[in-house]
Amino acid sequence: RRRFDPNSRVTHLFAALLSGCFAVVCTHPIDVVKTRLMNAQGQGATYDGALDCFLGGFRAEGPFFWLKGLPATLCRLGPHTVVLFMVQEQVRLTLRGGLT
């Protein structure tokens, strides 16, 4: 007996939650560096580029400087990703005729 149905809404919900969290954790460091570079432009160029910004943050604040703002980003992008993937899977199943 199968423990889960790969086409059920519950499976899609958990897959969307995991993929949303994974996407946020993977892209958040880049977003932190981008935000710092954009904020530094108005205050005079304090960074020579993205790598300098990343290394400067690492040296000044430690290895977890990129975690700043992660909960807010999860709250912003998490629901968006869940809704996006849930709708996408349900549309796909409906078009194929396999809605459960």
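One-based numbering along the sequence shown.
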Listed pairs under 3.5 Å, donor-acceptor, residues 70-78 side chains, sequence neighbours left out:
{"unit_1": "T73", "atom_1": "OG1", "unit_2": "H28", "atom_2": "ND1", "d": "3.3"}
{"unit_1": "T73", "atom_1": "OG1", "unit_2": "G69", "atom_2": "O", "d": "3.0"}

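- For residues 58-67, the pairs satisfying side chain to side chain donor-acceptor pair (under 3.5 Å) are R36-E61, E61-K68, with sequence neighbours left out.
- In this structure, V10 is not a member of the same hydrophobic cluster as V83, with clusters built from ILVMFWY side-chain heavy atoms closer than 4.5 Å.
- Cluster membership check: F65 shares its hydrophobic cluster with L51, using side-chain heavy-atom separations under 4.5 Å among Ile, Leu, Val, Met, Phe, Trp and Tyr.
- Of all non-hydrogen atoms in D48 and D52, the two that sit nearest each other are N-OD2, 2.9 Å.
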For this session: Go through R92 and Q88 one step at a time and tell me if the side chain to side chain contact (heavy atoms under 4.5 Å, CB included) criterion holds.
Result: CA-CA 6 Å; R92 181 184 65 83; Q88 177 185 350; 5.6 Å; no

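- Minimum interatomic distance between C53 and Y47 (heavy atoms only, all atoms of both residues): CA-CD2, 3.4 Å.
- Put simply, the side chain of T11 does not reach to within 4.5 Å of the side chain of E89, judged on heavy atoms.
- L67 and V24 fall within the same hydrophobic cluster, defined by Ile, Leu, Val, Met, Phe, Trp and Tyr side-chain heavy atoms under 4.5 Å apart, directly or through other members.
- Applying the 6.0 Å contact sphere to CZ of F85 captures no more than 12 heavy atoms from other residues, nucleotides or ligands.
- Scanning both residues, S19 and T81, for their nearest heavy atoms gives OG-CG2, 4.3 Å.
- Pairing each heavy atom of M86 with each of R9, the nearest pair is CE-O, 3.7 Å.
- Residues F58 and I30 do not share a hydrophobic cluster, defined by chaining ILVMFWY side chains whose heavy atoms lie under 4.5 Å apart.
- In the hydrophobic clustering of this structure, F22 does not group with F14; members are Ile, Leu, Val, Met, Phe, Trp, Tyr whose side-chain heavy atoms approach within less than 4.5 Å, directly or through other members.
- If you take CG on L13 and CG on L18, they are separated by 9.5 Å, rounding to the nearest 0.5 Å.
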